[in-house]
Structures are given as structure tokens and as C-alpha cells.
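Worksheet for the structure shown next.
Throughout, protein chains are lettered first and strands after them, A, B, ... in sequence-line order, and every chain is numbered starting at 1.
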Protein chains: 2
Amino acid sequence: MFYTFLMPPRPQRTLSQDIVPEVVSAALYLITEEGPEGVTVRALARHAGVAPMSIYNHFGGKNGVIDAIIVEGFGHLALFADTTLEDPYENLVAGSRAYRDFALQYRAHYTVMFLHRFIDYTPSRDTVGAAFNGFAILAGQVQACLDAGYFPQRQCVDVAQQLWATVHGYVALEISEINFASDRSAVFGDLIEGLLAGLDRR
Amino acid sequence: MFYTFLMPPRPQRTLSQDIVPEVVSAALYLITEEGPEGVTVRALARHAGVAPMSIYNHFGGKNGVIDAIIVEGFGHLALFADTTLEDPYENLVAGSRAYRDFALQYRAHYTVMFLHRFIDYTPSRDTVGAAFNGFAILAGQVQACLDAGYFPQRQCVDVAQQLWATVHGYVALEISEINFASDRSAVFGDLIEGLLAGLDRR
DNA sequence: AGAAAGTGTAGAACACCGTTCTATAGTTGG
DNA sequence: CCAACTATAGAACGGTGTTCTACACTTTCT
């Protein structure tokens, strides 16, 4: 009764505005430590210090947490990969390196975005929009190259698909620890420059 | 008592030698129809017409079924990708196309092998051996190119990793229905030829 | 032919999962 | 200070992988 002002400031139940970031943070922790299958509603609630019901009140269920992570991931990816170098060709190389940097730095996000399929998960409208925005950034960088005369006789969407597939494939195997390259970063750079040079041959 | 010889030949319980192929077949069906998460011990037993306990008696559990599919998949992949054209460069192109053909034709196998991680699954000794054998085939084809003077200044393992990453990335996005290319097969061929030409530039 | 050994089956049980529902208790705004 | 809101605890439902037990069918040996 007397020393109430010395009590910890945290109330007996989590504040509403703290629940969403706490749960997302817990999800990323669980993915990193136990893999995507470690993300369960009960484990999320336990690690976030909230009640399981909060997952449903604030996210509409487990898949809502997945959606939040994917949208957040595409936000980070856009910040990384939307490079603005003058030379469009060098910009494409820089963007590819930035994509890999994002994937390695935000492995949990990248896993949820591209490497793991959760049960009964179907992306929300926001998630689809964020994904299309990401592909649009890549397509814009490729189009700038086409406008500058690179990649003759090729369509923008095809080159974008080829580059994305290559970068994703390398990163996917790297994150899955299936990589035997002598120098992972150098071999990646060599791969991108080799691919772009090959697609630009005339 | 009298017409016993007219009874259906199938005994009341599944013959031992039929259980393994029946269960593997049921697993591939479930992956194709319902995705990897549709593979449950009870569903496997139901579709294979066996008792759930048979999964444990013959495979040691659900992960044993996964192992069997992966080993079978690497066997098929070896048959596809171990091409033997005279020109080592053209052989690498043919092998890459065969890899994609395998992935598209055996989507369930490919999904289990490279696209989905099952809970608590760790590959058996046989599975690891089959995987290394697969990478060895690719490395051998690359080495033949190096011996013939292709890909100067490059290491065999690096080129193999680059080519595998590219092929896997394209196929992974294609199977995941994330492919915007105008002509999927042609764009894939163009990708491989472009990459190899780029890695071979001097 | 008949008994013994081997093995596939059925079913219950355990702890876990996502999800829904209820009643309670803490927080906040009028 | 009371009413509206909302986070919480807990039970409940049908699923999951896995283990165990009792039983019935096959096969094999004598």
C-alpha cells in the first residue's frame, strides 16, 4: 500500500499498443531459434508475455502474424534493394547485392517471405500489394537498363524473372546451408556479373 | 465355405512387401493434392490402406517416409540429369534442362527434397549420400567443361554452385507459381545459356 | 496337419497443435 | 465513480506425432 510508486511500471496486462510489436518480435525470435515450425500460438503468447487470445484479437489468428512479418519484410527489402546509382547496369548489380544482404541480415523475414509455406496460409491483400511493389522495384531497375540499351532483344519481365530467380536461388541455398562455394560473397558477385554480362551479349 | 476360391485375392491385411510402396505412393499423392502439410501419419495410413502402426514398423515414423521419398527423388534426378553429350558445354545445358524437367515432372519429390522443411526432420545417412551423389554428378559435368578450357580462372565447385543456384532458383519460383515470364521454358533456356556464356567470357 | 513364431491391425492414451468460447479482472474515458 | 472497453485465464473441440497393448492373421517349422 505504501511503496506502490516503487512497483515496476509494467501493468499487470500488456498495453494494447505494445502487443503487436511484442508478438512480431517473438515470432522472429522463434523462427530464428526453432525454425518456422516453432511458431505456435501458445509459444508466441508465452514469449511475448501476452495471452493466446491476444493473437486472435490483434492479428485474427496465427496467419495474421505471418502476414505482418511478410509486410514488414517487404518494407525492409524495399529500403535495401531500391538502389539509385546513376549507371542503371551498376545499379542492378548493387540492387542484387543489397537483396542478398537483406536476406542474410533478415533471415527470419526472408524465410517466411520465400522459403517456408505455413499451413492454410493465404496472403492478405496488403501482403500481395507489398510483394507486387517489390517486383515493381526490380522491374523498374531492369527497364532503366533496357532504356539505356542493355539486354537487347529481351523483355523487361523476362530479365527481371531471370535475375530474381538467380539471386533467390543462390540466397535460398545459402540460407539452407547448402553452399559449397569457396567465398560465398565473391562467388555471388561473380554470378550476378556473369549473368548480366551473358544476358547483355550481342 | 464353399465359394472361398471366388473371394478377392487381397487378404484382409496388406502384404508386407506392398506396404512400403503403397505408403510412399500415398505420401506423393497427399503432397500433390494437399501440400506437404497434408502428409500426416493417419492420412498416410488411410490412403495407403494400412494401419498407422505400419508407418512406424516399416519407416520408423513419419520422417522415414520423407527419407524414402528423398532417396527415390535423387535416384530419378540422377537418371534425368546425368546427361552424356559429347560436347561438355552442351552437356551442361542439357543437364540443366533435364533438372528442370525432373522438377516439373516430379513436383512432389522436388518439394520434399528442396522446398519444404518438415518438423524435426534430419536426413538419414542414405539421404545425405544420395544428395552428395547428385552434387557430384553436377560437379563432374562442370569439371569436364573446365578440362575442355571453358570457364577460365574459375573453380569447379564455384561454377557448380552458381549453376545449381540459378537452376534451383528458377524452378523454385516456377513451382511456387511466382513466375511472370512470357514463355517459361524459353526464358529458362535463355537464362542458362546467358549464364554459361557470361561465366565463360574472357 | 498343427503348433509356434512373426507381423499387420485396431484402439486407447499422451502431450502438443490452432481455434473458439466463456467468465473474470484490469484499464480507460465520460 | 461508473460504464465501456479489452486483455486475461481456462476449458473445450478436433486435429497432430508417437507409444503401448491386445488381438488376429500369415507364415514357417515340425
Can you check the [X] [atom1] to [N] [atom2] distance for me, whole Å?
{"X": "A/Asp18", "N": "C/dT27", "atom1": "CG", "atom2": "P", "value": "13 Å"}
{"X": "A/Glu37", "N": "D/dT16", "atom1": "CD", "atom2": "P", "value": "15 Å"}
{"X": "A/Met53", "N": "D/dA7", "atom1": "CE", "atom2": "P", "value": "10 Å"}
{"X": "B/Asn63", "N": "D/dT16", "atom1": "CG", "atom2": "C1'", "value": "13 Å"}
{"X": "A/Asn57", "N": "D/dA9", "atom1": "CG", "atom2": "P", "value": "13 Å"}
{"X": "B/Leu44", "N": "D/dG15", "atom1": "CG", "atom2": "C1'", "value": "15 Å"}
{"X": "B/Phe59", "N": "D/dG17", "atom1": "CZ", "atom2": "P", "value": "14 Å"}
{"X": "A/Ile19", "N": "D/dC5", "atom1": "CD1", "atom2": "P", "value": "17 Å"}

On the 0 to 90° scale, with breaks at 30° and 60°, tag the [X]-[Y] ring pair as parallel, tilted or perpendicular.
{"X": "A/Tyr110", "Y": "A/Phe102", "answer": "perpendicular"}
{"X": "B/Phe180", "Y": "A/Phe132", "answer": "tilted"}
{"X": "A/Trp164", "Y": "A/Phe114", "answer": "perpendicular"}
{"X": "A/Tyr170", "Y": "A/Phe188", "answer": "tilted"}

Under 4.0 angstrom between B/Ser54 side-chain N/O and C/dT9 OP1 or OP2: yes

Any A/His58 side-chain N or O less than 4.0 Å from OP1/OP2 of D/dA7: yes

Of residues 115-125 of chain B, the positions that come close to DNA chain C - non-hydrogen atoms, cut-off under 4.0 Å: none

Salt bridge flag under 4.0 Å for residues B/Arg184 and B/Glu177: yes

Check ion pair A/Glu193-A/Arg97 (N to O, under 4.0 angstrom): yes

Between side-chain atoms of residues 135-144 of chain B and protein atoms elsewhere (two or more places apart, or another chain), which donor-acceptor pairs fall under 3.5 Å?
| residue | atom | partner | partner atom | Å |
| --- | --- | --- | --- | --- |
| B/Gln141 | NE2 | B/Ala81 | O | 2.9 |
| B/Gln141 | NE2 | B/Thr83 | OG1 | 3.3 |
| B/Gln143 | NE2 | B/Asp147 | OD1 | 3.0 |

OG on A/Ser54 to CD on A/Glu22, rounded to 0.5 Å: 11.0 Å

Distance in Å, B/Ile55 CD1 paired with B/Lys62 NZ, rounded so as to fall on 0.5 Å steps: 11.0 Å

Side chain of B/Tyr56 (C-beta onward), nearest among D/dT18, D/dA9, C/dG8: D/dT18

With 3.5 Å as the limit, what N/O pairs link the protein to nucleotides 13-17 of chain C?
| residue | atom | partner | partner atom | Å |
| --- | --- | --- | --- | --- |
| C/dC17 | OP1 | A/Thr40 | OG1 | 3.3 |

